[in-house]
Student: 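I'd like to ask you about the structure that follows.
Chain naming here is simple, since letters A, B, ... match the order of the sequence lines and numbering starts at 1 in each.
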Amino acid sequence: MSKQKIQAPKGVSEYTPPRSAAFEFVREALISPARLAGYQLIELPVFEDTELFTRGVGESTDVVSKEMYTFEDRGGRSITLRPEGTAGVMRAVIEHGLDRGQLPAKLWYSGQFFRAERPQAGRYRQFYQVGIEAIGLDDPAIDAEVIAIADAGFKSIGLSKYRLEITSLGDAASRAAHRVDLVKFIATMNLDEATAARATLNPLRLFDDKREEIKQAMLKAPLLVDYLSPESKTHFAQVTHYLDSLGITYVLNPRMVRGLDYYTGTTFEFVHELLGAQSGIGGGGRYDGLMAELGGQSLSGIGFGLGVDRALLAAEAEGIINEDLFVSDLFIIPLGEDAKVKALSLATQLRSHGKNVEIAFGDRALKGAMKGADKSGARYVIVLGDSEISSGTLELKEMKTGATSSVKIDALLTALSK
RNA sequence: GUGGGCGUAGCUCAGCUGGUAGAGCACUCGGUUGUGGUCCGAGAUGUCGCGGGUUCGAGCCCCGUCGCUCACCCCA
């Protein structure tokens with residue numbers, strides 16, 4: 001632990017073996033339902049013009065006002081490491097005209113995002129999300145499908161101890177009308193300075209306050225759902241109807257608060273029960289004004305972002321990560337120089353058929369090499385020495401049972417495929 | 001930005017009211033010739049986060065500093 005030792009920057013998540021295998025499994029599980037639903041990959045830069053986020057996400061949000069990694073590049077441009085995914089996708093959709101073809105445009109992404117927050121359990125400065133966006137369709141059925149895709153992702157990991165919370169933020173006019181009354185209500189509350197300042201920025205925030213006295217007081221506050229226009233109400237009723245028909249259970253949460261300004265209409269959040277303070281494992285919603293705000297045509301959109309780091313923590317909390325996520329099919333222990341040559345060609349050939357093959361190099365003692373084979377979780381092991389090479393026959397040992405069987409070298413592939 | 005907790009071998013941690021460091025796991029080798037998991041034996045590893053102070057003497061006390069961690073704000 002010398003003073004000069006370089007460490008990872010504060011608050012980044014890193015995944016090293018063997019946990020990295022679980023991370024990979026979780027990320028893949030989260031995104032596969034979207035692929036099956038016809039969403040296509042979009043790969044985007046991790047940094048963007050700062051203005052994309054100030055305009056898209058909203059200057060009044062905490063994300064933009066105090067959590068962005070912003071710097072000037074050598075040309076004097078203001079650059080920001082992406083704090084979320086949707087704004088960048090919208091920018092790319094507009095820039096590449098992806099909204100000119102058949103709608104909706106359906107896209108998925110996966111990657112790291114950055115927020116300069118104080119780290120804590122489940123909250124990192126660099127974190128991983130997978131997400132999807134469906135652009136150009138306001139049919140409530142797609143809202144339900146998007147939610148179902150997220151739910152399927154969590155289910156395919158094996159998660160069960162989470163709940164889906166859902167509400168509608170309505171359209172701009174509904175929100176404006178509600179805000180007037182909510183501000184009036186808050187004015188009667190006698191708040192401390194910091195809280196009052198927060199309420200001025202976004203009065204909805206008070207619904208999320210963790211202090212008991214504020215929670216109590218807010219029970220009487222006017223709710224946005226009571227201000228929804230008939231169109232918004234109908235739309236939302238349709239969404240829940242489709243969810244019901246899918247058998248997806250949800251909790252209506254009219255006090256739900258989202259951190260990004262662009263949400264409209266249907267919004268939802270997946271909350272895990274076994275995590276600490278940072279229990280949101282995914283969330284999303286409609287953003288019907290975002291594309292126009294960023295200079296594109298006026299198209300609606302809906303999407304979600306799922307936290308890979310948090311989903312992994314949730315999976316671990318539920319005890320559903322099993323150790324043998326990574327196993328080799330075969331472990332070869334070569335004895336001597338000729339055997340090494342033979343092992344290399346044998347491994348190469350088997351790998352070309354998709355077999356996972358490891359070789360114990362380094363002339364280790366046989367006992368040590370066997371231990372290595374054991375650790376690797378390999379199903380089979382062979383010791384390859386002069387006698388095997390000259391006879392062309394191997395002793396194939398199944399590690400789990402300890403049983404061995406004689407196999408011709410040429411028949412190894414078929415033996416492994418059994 | 002604010003508050004609490006903690007910093008001792010690769011990992012998890014012990015170290016009594018201050019007398020210059022230990023355990024378990026992991027790792028390497030061995031228990032006679034080419035077969036793992038159990039067992040037994042041997043071995044290697046730390047400037048006890050860093051700097052200063054008190055003291056004859058500090059891992060243990062004091063101050064500072066850096067880092068980690070949990071929580072608040074907020075969020076995936």
Side-chain angles (χ1 to χ4, degrees), chain A residues 1-13 16 26 30 57 61-67 82-86 110-131 150 154 194-195 197-198 201-202 204-206 208-211 256-260 269-272 275-284 304-314 331-336 339 360 362 364-378 380-388 394-404:
Chain A
M1 300 290 168
S2 77
K3 195 160 51 178
Q4 292 88 349
K5 191 179 223 168
I6 297 174
Q7 295 177 250
K10 189 185 186 72
V12 300
S13 59
T16 52
V26 166
L30 287 178
V57 176
T61 61
D62 278 24
V63 168
V64 168
S65 64
K66 58 181 203 189
E67 294 171 0
R82 60 183 184 185
E84 61 92 55
T86 304
S110 164
Q112 48 277 82
F113 297 86
F114 308 85
R115 289 182 201 172
E117 305 174 271
R118 199 72 165 255
Q120 71 186 80
R123 190 176 69 185
Y124 308 104
R125 292 186 167 183
Q126 171 179 296
F127 56 98
Y128 293 81
Q129 263 182 246
V130 301
F154 292 128
T195 313
R198 228 178 332 132
L201 214 54
N202 183 352
L204 292 172
R205 288 282 160 70
L206 287 197
D208 221 16
D209 203 296
K210 295 187 181 173
R211 286 167 296 186
M256 192 163 86
V257 181
R258 305 276 316 152
L260 311 178
E269 211 167 276
F270 289 86
V271 181
H272 197 267
L275 295 182
Q278 310 305 321
S279 56
I281 52 177
F304 63 62
L306 311 181
V308 183
D309 312 86
R310 287 187 188 175
L312 173 58
L313 289 171
F331 200 96
I332 303 175
I333 300 173
L335 301 176
R364 299 177 71 192
L366 183 59
K367 178 170 177 163
M370 282 303 292
K371 267 183 134 167
D374 196 34
K375 287 274 155 58
S376 79
Y380 295 103
V381 64
I382 56 172
V383 174
L384 189 64
D386 294 337
S387 63
E388 283 81 6
L394 302 162
E395 285 299 310
L396 184 63
K397 178 168 185 172
E398 184 173 9
M399 291 302 274
K400 201 176 285 177
T401 62
T404 61

Student: Over all heavy atoms of both residues, which pair between A:Phe154 and A:Leu306 is shortest? Give the atoms and the distance, please.
Tutor: CZ-CD2, 3.8 Å
Student: Give one of base, sugar-phosphate or nothing for A:Ala373, where a contact means two heavy atoms less than 4.0 Å apart.
Tutor: nothing
Student: Do you see a donor-acceptor pair shorter than 3.5 Å between the side chains of A:Arg310 and A:Ser279?
Tutor: no
Student: With rounding to the closest Å, how many angstrom separate the P atoms on B:U45 and B:A23?
Tutor: 14 Å
Student: Roughly how many Å apart are B:U8 and B:C48, using the C1' atom of each and rounding to a whole number?
Tutor: 4 Å
Student: Could you check if a side-chain atom of A:Leu394 sits within less than 4.5 angstrom of a side-chain atom of A:Leu396, using non-hydrogen atoms only?
Tutor: no
Student: Check the distance between B:G67's C1' and A:Gln7's CD and give it to me in whole angstrom.
Tutor: 6 Å
Student: Look at the side-chain N and O atoms of A:Arg258 and state whether any lies under 4.0 Å from the OP1 or OP2 oxygen of B:A76.
Tutor: yes
Student: Please work out the stems of RNA chain B from pairs that are Watson-Crick or G-U wobble with both distances under 3.5 Å, keeping only runs of three or more consecutive pairs.
Tutor: B:1-7 with B:66-72, B:10-13 with B:22-25, B:27-31 with B:39-43, B:49-53 with B:61-65
Student: Give the intermediate values and the outcome of side-chain hydrogen bond (donor to acceptor under 3.5 Å, both in side chains) for residues A:Arg205 and A:Thr195.
Tutor: CA-CA 9 Å; A:Arg205 288 282 160 70; A:Thr195 313; over 6 Å; no
Student: Choose from B:C74, B:C72, B:C29 the nucleotide whose nearest atom is closest to any side-chain atom of A:Ala365.
Tutor: B:C29
Student: Please measure how far the C1' atom in B:C16 lies from the corresponding atom in B:C39, and state the result in whole Å.
Tutor: 34 Å
Student: OP1 or OP2 of B:C74 sitting under 4.0 Å from any side-chain N/O of A:Arg198?
Tutor: yes
Student: Is the closest side-chain heavy-atom distance between A:Leu384 and A:Leu335 below 4.5 Å?
Tutor: no
Student: Considering only B:C74, B:A76, B:G1, which nucleotide approaches the side chain of A:Arg310 most closely?
Tutor: B:A76
Student: In whole angstroms, how far is the P atom of B:A76 from the CZ atom of A:Phe270?
Tutor: 13 Å
Student: Quick one: on RNA chain B, does A:Leu306 or A:Pro119 contact a more 5' nucleotide (nearest heavy atom)?
Tutor: A:Pro119
Student: When the distance from NZ of A:Lys10 to P of B:G67 is rounded to whole Å, what number comes out?
Tutor: 6 Å
Student: Does the side chain of A:Arg364 reach to within under 4.5 Å of the side chain of A:Met370, using non-hydrogen atoms?
Tutor: no
Student: Quick one: label A:Gly372 by what it contacts on the DNA or RNA (base, sugar-phosphate, nothing), any heavy atom closer than 4.0 Å.
Tutor: nothing
Student: Please report, rounded to the nearest Å, how far the P atom of B:A76 is from the CG atom of A:Asp208.
Tutor: 11 Å
Student: Using the C1' atom on both, measure B:G41 against B:C50 and round to a whole Å.
Tutor: 40 Å
Student: Considering only side-chain heavy atoms of A:Arg115, which listed nucleotide, B:C74, B:G3, B:A76, is closest?
Tutor: B:A76
Student: With the side chain counted from C-beta on, respond yes when A:Gln112 and A:Val12 share a heavy-atom pair under 4.5 Å apart, and no when they do not.
Tutor: no
Student: How many Å lie between CZ on A:Arg364 and P on B:U28, as a whole number?
Tutor: 5 Å
Student: Of A:Gln120 and A:Gly305, whose nearest nucleotide on RNA chain B comes first from the 5' end?
Tutor: A:Gln120
Student: How close or far is atom P of B:U69 from atom CD of A:Glu117, stated in whole angstroms?
Tutor: 14 Å
Student: Which part of the nucleic acid, if any, lies within contact of A:Glu67, taking any heavy atom under 4.0 Å across all strands shown: a base, the sugar-phosphate backbone alone, or nothing?
Tutor: sugar-phosphate
Student: Give me the distance, rounded to whole Å, that separates B:A21 from B:G57 when you measure between the C1' atoms they each carry.
Tutor: 16 Å
Student: Using side-chain heavy atoms (C-beta onward) and a distance below 4.5 Å, is A:Val308 in contact with A:Leu30?
Tutor: yes
Student: Identify, with sequence neighbours excluded, every residue that meets salt bridge (Lys or Arg N to Asp or Glu O under 4.0 Å) alongside A:Arg125.
Tutor: none
Student: Return the stacking result for B:A76 and A:Phe113: yes when the ring centres lie under 5.5 Å apart and the planes under 30°, no otherwise.
Tutor: no
Student: Provide, to the nearest angstrom, the distance between the OH atom belonging to A:Tyr124 and the C1' atom belonging to B:C74.
Tutor: 16 Å
Student: Take atom P in B:A9 and the same atom in B:A14, then report the distance between them in whole Å.
Tutor: 12 Å
Student: For A:Lys375 and B:C11, what is the distance between atoms NZ and P respectively, to the nearest whole Å?
Tutor: 17 Å
Student: Any chance you could list the contact pattern along nucleotides 34-42 of chain B? Use B for base contacts, S for sugar-phosphate-only contacts and - for none, protein heavy atoms under 4.0 Å, 5' to 3'.
Tutor: BBBB-----
Student: Please examine the side chains of A:Leu275 and A:Leu313, heavy atoms only from C-beta on, and report whether any two atoms are closer than 4.5 Å.
Tutor: yes
Student: Could you work out the separation of B:C60 and B:C70 based on their C1' atoms and round it to a whole Å?
Tutor: 25 Å
Student: On a whole-Å scale, what distance lies between the P atoms belonging to B:A58 and B:G51?
Tutor: 14 Å
Student: Do A:Arg115 and A:Glu84 touch side chain to side chain, with heavy atoms closer than 4.5 Å?
Tutor: yes
